[in-house]
Amino acid sequence: NDAAESRYADYKHAQKYYALEREVIDTMTLDDIEDPQEHDIKRLVQSSNFNLGVMESKVHMTYSDGEANLKRAITLAQELQDYASEKSAWWELGNLYKRIQQYDLVKECQKREYQLVIQHEFTEDQLLCFEEKSKRDLSVWIE
């Protein structure tokens, strides 16, 4: 998070190229995609929101932009019924809320993520959610 402490602080370039990518996506039609599927553009926008949101959620000056992009990524993933992408976006949004010490929102994100894990049988993620839930529950008792 501290550019002075990072050997590879390239946030400005990454932000620039994600913005350029988004400009390109915003001008695309299905004619620009080889073997297009109905929701390909929406999937690209969802992915772009997620990637930008993850990056922005790691730098304190862009937390609010990161939050907005991750929320858009969740909404689009729900519309697309892309539950794996939605689950990942809830995870990252929860991580952002942890950074800003909004623990009630962390809990809500973990709950939403865990519901997706159970509903859609993402068994490989079930233990991770349980472990995170246990850490949260322990921290409540410790405080």
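What you see is a predicted model, and the numbers here were worked out from it, not measured in a lab.
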Can you tell me how far apart CG (L105) and CD (Q110) are? Round to the nearest 0.5 Å.
11.0 Å
Ring pair (Phe, Tyr, Trp, His ring centres under 6.0 Å) partners for Y17, two or more places apart
none
Co-members of L76 in a cluster of I, L, V, M, F, W and Y side chains, linked at under 4.5 Å:
V24, I25, M28, L30, I33, I41, L44, V45
Can you tell me how far apart CD (E113) and NZ (K87) are? Round to the nearest 0.5 Å.
5.5 Å
Run the side-chain contact (heavy atoms from CB on, under 4.5 Å) test against S85 and tell me which residues pass, sequence neighbours left out.
Q46, A77, D82
Evaluate the side-chain proximity of E56 to Y63: yes if any heavy-atom separation is below 4.5 Å, no if none is.
no
List the atom of G66, the atom of L96, and the distance in Å for their closest heavy-atom pair.
C-CD2, 4.3 Å
Rounded to the nearest 0.5 Å, what separation is found between the NZ atom of K111 and the CH2 atom of W90?
10.5 Å
Joint cluster assignment, L80 & L116, ILVMFWY side-chain distance < 4.5 Å
no
Counterpart residues, side-chain contact (heavy atoms from CB on, under 4.5 Å), relative to K71 (two or more places apart):
E67, L93, Y97
Test of understanding: with salt bridge (Lys or Arg N to Asp or Glu O under 4.0 Å), list the residues that count as partners of R72, not counting sequence neighbours.
none
Roughly how far apart are N69 CG and S48 OG, rounded to 0.5 Å?
7.5 Å
Is there any salt bridge (Lys or Arg N to Asp or Glu O under 4.0 Å) pair reaching into residues 28-54, and which pairs are they, with sequence neighbours excluded?
K42-E79
Taking atom OG of S47 and atom CG of L52, what is their separation to the nearest 0.5 Å?
11.0 Å
With Q115 via side-chain hydrogen bond (donor to acceptor under 3.5 Å, both in side chains) - residues at least two apart
none
Flag the pair Y18 / M55 as yes when at least one side-chain heavy-atom distance between them is below 4.5 Å, and no otherwise.
yes
Exactly one of V54, N49, T75, D65 should register a side chain to side chain contact (heavy atoms under 4.5 Å, CB included) with L70. Which one does?
V54
Listed once per pair and sorted, the salt bridge (Lys or Arg N to Asp or Glu O under 4.0 Å) pairs that draw on residues 19-29, sequence neighbours left out:
R22-D26
Under the side-chain hydrogen bond (donor to acceptor under 3.5 Å, both in side chains) test, which residues partner T62, sequence neighbours left out?
Y11
To the nearest 0.5 Å, how far apart are OH in Y103 and SG in C109?
13.5 Å
